[in-house]
Every structure is written in C-alpha cells, then in structure tokens.
Visitor: 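Dumping the structure here so I can ask a few things about it.
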Amino acid sequence: MLHTAGGEAPVPRRGLPTATAALHAAVRRTGEHGAAFLRAPYWERPDSTWVVRRWPDLAACLLAVFFFWLSLTPSLVPRPWYLQGAIGGITAAIGYGLGALLSWLYRLLFRWRPSRTARARCWLTFYLLTPPLVIFLLSQSAEMQRELRRLQGLPPTLTWHSLMITLISLGVCGLLLFLARVIRLGTRRLTELLHRFVPWPAAVALALALSSALVIFGTRDVVFERGVLHLADRVAAAKDRSTDPGILRPYSPRVSGSPDSLIHWDDLGNKGRTFTGTVLSTDEIESFTGREAVQPIRVYAGRAAYDSYPEGAALAVRELERTDAFDRSVLAIGGTTGTGWINPTTVEALEYMHGGDTAVVTMQYSYLPSWASFTVDREEAGAATRELVEAVHARWAQEPPETRPKLVVFGESLAVTAIEASFDSVDDLIDRTDGALLIGPPDSSPIHAALTEHRDPGSPVWRPLYRGGEHVRFAQFPERDLNRPDIPWQEPRVVYLQNASDPVVWWSPNLLFQRPEWLRPPLGPDVTTAIDWFPFVTFWQTTVDMAVSYGAPAPHGHRYGSNPVDAWAAIVPPAAWSPQETTELKHLLEARHPPRSGLTGTPE
C-alpha cells in the first residue's frame with residue numbers, strides 16, 4: 001500500500017498481489033507434485049501394450065545394481081575405467097534380465113501384490129540409497145584395482161573415473177534393455193499375427209522360435225560374421241600385404257624371401273617379411289657370445305605361397321633342404337598365431353644361445369588376428385601345423401641319428417593349441433621331439449588340458465606338477481620354478497611358461513556358470529585375494545582381461561618377456577652354457593625388445 005501526505009487514503013500497489021498469488025500457486029503446485037511423487041514415485045503404463053516405454057521393474061533394478069557391484073570386483077589384470085564401464089553395463093543388463101524373469105515368475109505363481117504405499121516406500125528407498133551405495137562401491141573398486149597393480153609391479157597411480165564408469169554403464173545397460181524390449185514387442189506383434197491362423201499356444205511357440213532364430217541369425221551371421229569378421233578380414237588382408245617400416249628384403253641365402261629362396265618375398269605376408277627381414281647377423285651374435293657364429297636359418301612359408309596345407313608343408317621342407325637346415329645343431333618348428341606372428345624373443349634366444357647354428361621353420365595358415373582366427377580358423381591352425389610337423393619330422397627322421405639336429409617345437413598363445421594338435425598326447429610329443437617350449441597356452445589346448453586335469457594331487461592348477469616333473473614342468477618365474485621339484489629332470493624336456501594372472505590361459509565359456517579351479521586356494525602369486533567368481537560376471541571380466549592382458553609387465557598377464565631364455569637353457573642348452581650367460585642374454589633381449597607402452601600392444 002502507498003500513503004499520501006496529509007493522511008489521505010492509501011493507494012494499493014497493483015502488481016504485488018498478482019505476483020504473490022502466482023508464487024503461492026507455484027509453490028502449491030510444486031507441493032502437490034511432490035506429494036504425488038511421494039505417493040507414487042513411479043509411472044504406471046496405461047495398458048499392457050506399452051512394452052518398450054514401460055517403467056522399470058523394481059526387483060530387476062535391485063538385481064541390476066547388485067550385478068553392477070559384482071562387476072566392480074577385481075579380476076586377473078588391472079583394467080581401464082572405460083572397459084569397466086562396458087563390463088558394468090553388460091552385467092547390470094544381465095542382472096536386470098534375471099530380476100525381470102523372477103518378477104514375472106512371481107506374478108505368474110502368486111496373487112498377492114504389495115500395496116501402493118509399500119511400493120512407493122520401496123522405490124523411495126531405492127532412490128535414496130542407490131547413489132551413495134554406488135559411490136562407495138566405486139571407491140572400494142578403485143582400492144582393489146590399486147592392490148592388484150601393486151601385486152603385478154605396476155605404478156600405484158590409477159585414474160578411476162567413477163562418474164564416467166557410471167554413465168557408460170547406464171548407457172550400455174539402457175541400450176541393451178531397449179533392444180530387449182523391442183525384441184519382446186516384436187515377438188508379441190508376431191504372436192498376434194500368427195494367432196489369426198493357428199491356436200494361441202501354437203502362435204506363442206512359433207513366435208518365440210522365429211524371433212529367437214532372427215536374433216541369433218542377426219547377431220551371429222549378420223552383425224558378427226558379415227560385419228565384425230568381414231571388417232577384420234579386410235583390415236587384416238590389407239595389413240598382410242604391407243611391410244612394416246624399417247623391414248628390408250634379406251639377401252642371405254639362409255632365409256626365406258631372399259633372391260635364392262624358393263618362396264618369394266611378396267608371398268611371405270607382413271609377419272613373414274618381419275620374421276625373415278630381422279634375422280640376426282653373425283656380427284650381432286658374435287658381439288654377445290665372443291665366439292665365431294654362423295648365419296641362422298629362418299624358413300617361412302607364407303599363406304600366399306601355397307594352395308593347400310600339404311603343399312605348404314612340402315614347400316617348407318624343400319626350403320629347409322635348400323638352406324642345409326638338417327646340418328644344424330638345432331631344428332625348431334614354430335607355430336604361428338592368427339596373423340602369422342612368431343615372438344622374436346623366443347627365436348632370438350635360441351639363435352644367440354647356439355651361436356646361430358639353428359634353423360627355425362614355420363608356416364602361416366591365416367592373416368586374421370588371433371581373436372578372429374580363434375573364432376573361425378581354430379581347426380585350420382591345428383590342421384596346418386600338423387601337416388608341417390609331420391612333413392619336417394619325416395624328412396628329419398631320414399638323417400642319421402648320430403648327426404641329425406635336435407628337433408624341438410615351440411609356440412605362444414594360439415600357436416600352442418596348433419602345436420599340441422600336431423601330437424596325440426604328451427607322450428607322443430616326448431617320443432617324437434627333443435623338447436618343447438609352449439608359452440601362454442589357451443584353455444582349448446588339448447595336451448595342456450590333459451596335463452592339468454591329471455596333475456599330481458596337491459599341486460595347484462596354475463603351477464601343476466605332472467608325474468613328479470619327470471619330463472614336463474610349468475613356470476612363471478623359471479629361475480626357481482624349473483628347479484622344482486628337486487629331482488633329476490629327464491630329457492626330452494617340455495616347458496610351459498604360464499602366468500597365474502594370464503587371462504588367455506584361463507578364459508573359457510565354462511566361466512559363465514562354473515567356478516574355475518584357478519580361483520581355489522591357494523591363489524597364484526600375482527592374483528589378488530579380493531577376486532572371486534560370480535555367474536556371468538567373471539566370464540565378461542576375463543573376456544575384457546584378454547583385451548588388456550599386455551598391460552602388465554612380464555611375467556604377469558599375457559607377457560612373458562625374456563623368460564624363453566631360461567626355458568631354452570633347460571630344454572636344449574649348448575655345451576658349457578652357464579647361468580650367468582642366461583642372465584646376460586635376458587638383459588640383451590629385454591633391451592632389444594622393450595615392452596610396448598599402453599594397455600595392449602600384442603602383435604598377434
């Protein structure tokens with residue numbers, strides 16, 4: 001109100017009551033909305049046809065949060081925050097699906113339903129407790145990741161982007177939930193359409209069968225095989241035709257791809273050109289040994305050089321004969337990974353140790369990366385390598401026993417599976433060779449699986465003891481592991497380099513529903529005690545672990561560093577080879593092949 005001089009009547013201020021009334025109305029509406037939210041903090045769909053846009057199920061949300069928490073537990077190797085977000089989203093979606101299934105079964109079997117007040121209180125409790133609980137779980141997860149890094153010799157620093165992990169998990173989980181509801185809506189529409197022609201039970205069965213077939217076909221044949229694998233094939237084919245920087249065609253007649261070779265340089269493939277183009281020179285070997293050396297022999301049959309596996313194996317044997325490989329002291333048959341890669345550290349360790357008096361032969365069966373080759377070429381790897389082993393062994397057996405070279409086989413990762421497929425059993429491997437070096441064997445490796453299953457009682461699965469270590473021994477720290485047990489080690493010798501924290505060794509589809517033996521006490525030396533098995537969750541964690549298995553230093557994860565030096569020194573040592581020379585050679589190879597920075601770095 002406004003007052004005038006002389007006591008005149010007050011003049012009303014026109015805008016004030018209007019603004020105050022509007023404010024009061026807004027407060028009243030806010031209060032009404034708030035009260036309505038408190039009474040029903042969820043949205044009821046108009047009818048059952050609202051499938052995609054229906055409100056989430058509370059029980060499903062609770063199980064999704066629980067599964068998200070399980071995904072935050074540590075696994076075999078430290079993982080980056082963005083992959084943790086992906087794991088969290090996938091496992092939360094699995095938890096939501098299981099919770100929704102349980103809710104559906106309850107509604108199907110029981111009539112009792114909670115009151116609206118009870119439901120409202122449950123939802124409000126969920127809204128109130130979930131954010132601080134998630135924050136607490138993320139902080140605990142970061143601490144467990146730091147402990148795992150300490151066990152594996154990584155720097156203690158860890159950037160654990162809690163907010164980004166949460167957002168990525170919500171996005172992935174929401175996308176999977178949306179796709180599931182779209183599929184469900186499509187199945188319902190298909191059922192209604194089929195019901196016009198057949199009874200309802202038959203319509204339901206047919207609709208479920210058709211929608212399942214479409215989902216399987218769409219994800220496996222269209223998305224994966226024609227999408228992901230087709231793209232991987234094109235990229236890998238282009239890579240195989242290329243030559244890495246600094247790799248030049250060799251002119252030594254002792255290696256494939258040279259002007260004297262039966263195999264043209266262009267037919268070696270990318271990994272073959274790297275393998276033969278980086279062969280050690282006699283000067284490099286002599287500078288280490290201080291003794292006269294010879295040029296090492298490297299034979300590589302690229303996939304483009306032959307049409308069938310028997311033809312490729314025969315070509316490799318002719319190339320061995322051309323290079324006088326059967327006159328060397330050691331003849332090594334190597335298995336390749338999917339791309340045709342062979343670990344240079346493993347080959348150079350053998351060549352340095354024997355002064356170059358070695359011959360190494362291998363045959364490429366694919367140019368796909370190992371994960372793709374494992375999916376589509378797994379049987380091909382074994383078939384190709386078996387042809388090579390059979391052909392080389394048959395030609396080697398023609399040499400006089402007193403003068404022929406020692407025959408050894410070796411492989412790493414997927415190449416272990418290929419090498420093992422070339423023999424019927426470990427006894428066959430011991431009978432037909434003078435030793436074997438097998439590094440990071442996948443779970444699908446047949447001989448490794450048999451040795452693990454039939455290991456001596458009391459020995460852990462991550463360091464099994466087979467027949468008292470008579471011929472076969474497993475090692476992560478070979479300087480001490482290969483000396484256990486303290487009994488004479490008979491020849492031929494088979495060495496498995498196997499890290500307890502290597503996800504490539506332990507990944508298996510069985511992780512979905514079965515607790516693995518490698519999680520039973522005692523745990524491996526670089527596996528955190530905070531690790532545990534959970535259905536579905538551990539499978540996805542280990543799957544992602546394989547993608548980052550090169551993130552830890554050797555001997556952790558899928559890195560084995562210079563440990564092949566110790567293994568070769570045990571399998572085929574040259575005369576008067578000393579432990580001091582083993583240490584010096586390890587240092588040399590670590591300097592020649594420093595570990596790649598980053599989370600992966602695998603050349604497979």
Side-chain angles (χ1 to χ4, degrees), residues 23-73 84-85 87-143 162-185 188 532 534-537:
L23 179 60
H24 288 172
V27 171
R28 184 172 60 256
R29 285 194 299 271
T30 303
E32 291 173 354
H33 289 314
F37 174 77
L38 292 175
R39 288 193 302 270
Y42 51 88
W43 175 73
E44 294 282 5
R45 57 178 175 169
D47 56 71
S48 61
T49 61
W50 289 57
V51 174
V52 177
R53 290 181 289 173
R54 64 179 296 185
W55 192 260
D57 182 86
L58 179 57
C61 288
L62 290 172
L63 209 56
V65 173
F66 178 69
F67 267 61
F68 174 71
W69 167 61
L70 296 182
S71 76
L72 296 173
T73 57
Q84 174 57 60
I87 294 176
I90 293 173
T91 52
I94 293 172
Y96 187 94
L98 291 175
L101 177 62
L102 292 175
S103 292
W104 176 78
L105 289 175
Y106 177 85
R107 291 192 299 270
L108 187 66
L109 299 175
F110 303 98
R111 292 184 177 181
W112 183 85
R113 301 289 185 270
S115 65
R116 293 178 60 89
T117 302
R119 291 182 61 192
R121 289 175 178 174
C122 289
W123 272 110
L124 290 173
T125 303
F126 177 80
Y127 295 147
L128 182 64
L129 295 182
T130 298
L133 177 62
V134 169
I135 293 173
F136 172 75
L137 296 176
L138 286 167
S139 65
Q140 292 296 108
S141 177
E143 288 300 320
S162 300
L163 177 61
M164 295 304 299
I165 291 173
T166 305
L167 292 177
I168 293 173
S169 297
L170 286 172
V172 172
C173 181
L175 176 61
L176 294 176
L177 178 59
F178 172 77
L179 293 176
R181 289 188 171 183
V182 168
I183 293 170
R184 181 179 175 184
L185 179 61
R188 175 176 291 188
D532 206 342
F534 305 102
F536 301 106
V537 179

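Values below: all heavy atoms of this structure, side chains included; hydrogens, waters and symmetry mates excluded. All values derive from a computational prediction rather than experimental measurement. The chain is numbered in sequence order, starting from 1.
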Visitor: Rounded at 0.5 Å granularity, tell me how far CG in Leu175 sits from CZ in Phe178.
Guide: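 Going from CG on Leu175 over to CZ on Phe178, the span is 8.0 Å.
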Visitor: Counting only N and O atoms by type, is there a donor-acceptor contact under 3.5 Å from the side chain of Arg107 to the main-chain atoms of Arg113?
Guide: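 Looks like no, no N/O pair under 3.5 Å.
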Visitor: What residues, two or more places apart in sequence or in another chain, satisfy side-chain contact (heavy atoms from CB on, under 4.5 Å) together with Pro535?
Guide: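 With neighbours one apart ignored, the set is Trp533.
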Visitor: Kindly write out the residues that satisfy side-chain contact (heavy atoms from CB on, under 4.5 Å) with Ser162, not counting sequence neighbours, or none if the list is empty.
Guide: Leu138, Trp160
Visitor: Would you check, one step at a time, whether the test side-chain contact (heavy atoms from CB on, under 4.5 Å) holds for Tyr96 with Leu176?
Guide: CA-CA 10 Å; Tyr96 187 94; Leu176 294 176; over 6 Å; no
Visitor: Show the numbers, then the answer: is there a side-chain contact (heavy atoms from CB on, under 4.5 Å) between Thr166 and Val134?
Guide: CA-CA 8 Å; Thr166 305; Val134 169; 4.1 Å; yes
Visitor: Would you say Gln84's side chain and Ser71's backbone share a donor-acceptor pair under 3.5 angstrom?
Guide: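 Yes: the side chain of Gln84 pairs with the backbone of Ser71.
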Visitor: Which pairs, with at least one residue in residues 167-180 and sequence neighbours excluded, count as a side chain to side chain donor-acceptor pair (under 3.5 Å)?
Guide: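 Counting only pairs at least two positions apart or across chains, no side chain to side chain donor-acceptor pair (under 3.5 Å) contact touches residues 167-180.
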Visitor: Are the side chains of Trp104 and Asp57 in contact, using a 4.5 Å heavy-atom criterion?
Guide: no
Visitor: Assign the ring pair Trp55 / Trp123 to parallel, tilted or perpendicular, where the plane angle (0 to 90°) is split at 30° and 60°.
Guide: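 Perpendicular, since the angle between the ring planes exceeds 60°.
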Visitor: Rounded to the nearest 0.5 Å, what separation is found between the SG atom of Cys61 and the CZ atom of Phe68?
Guide: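 Rounded to the nearest 0.5 Å, the SG-CZ separation comes out at 14.0 Å.
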Visitor: Taking the side chain as every heavy atom from C-beta outward, state whether Leu124 and Leu128 have any pair of such atoms under 4.5 Å apart.
Guide: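 No - every pair of side-chain heavy atoms lies 4.5 Å or more apart.
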Visitor: Where the side chain of Ser141 meets the backbone of Leu137, is there a donor-acceptor pair that is under 3.5 Å apart?
Guide: no
Visitor: Please name all residues satisfying side-chain contact (heavy atoms from CB on, under 4.5 Å) with Cys173, sequence neighbours left out, ordered by chain then number.
Guide: Ala92, Ala93
Visitor: Decide yes or no for Thr91 and Leu70: does some side-chain heavy atom of the first lie under 4.5 Å from some side-chain heavy atom of the second?
Guide: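 When only atoms from C-beta onward are counted, Leu70 and Thr91 do not touch, as no gap falls below 4.5 Å.
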Visitor: Can you run down the side chain to side chain donor-acceptor pair (under 3.5 Å) pairs that involve residues 128-138, sequence neighbours left out, and say none if there aren't any?
Guide: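 The answer is none; no pair qualifies.
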Visitor: So Trp69 and Val65, do their side chains get closer than 4.5 Å, heavy atoms only?
Guide: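 With C-beta onward as the side chain, the pair stays apart.
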Visitor: Considering residues at least two apart in sequence or located in another chain, which fulfil the side-chain contact (heavy atoms from CB on, under 4.5 Å) criterion with Arg111?
Guide: none
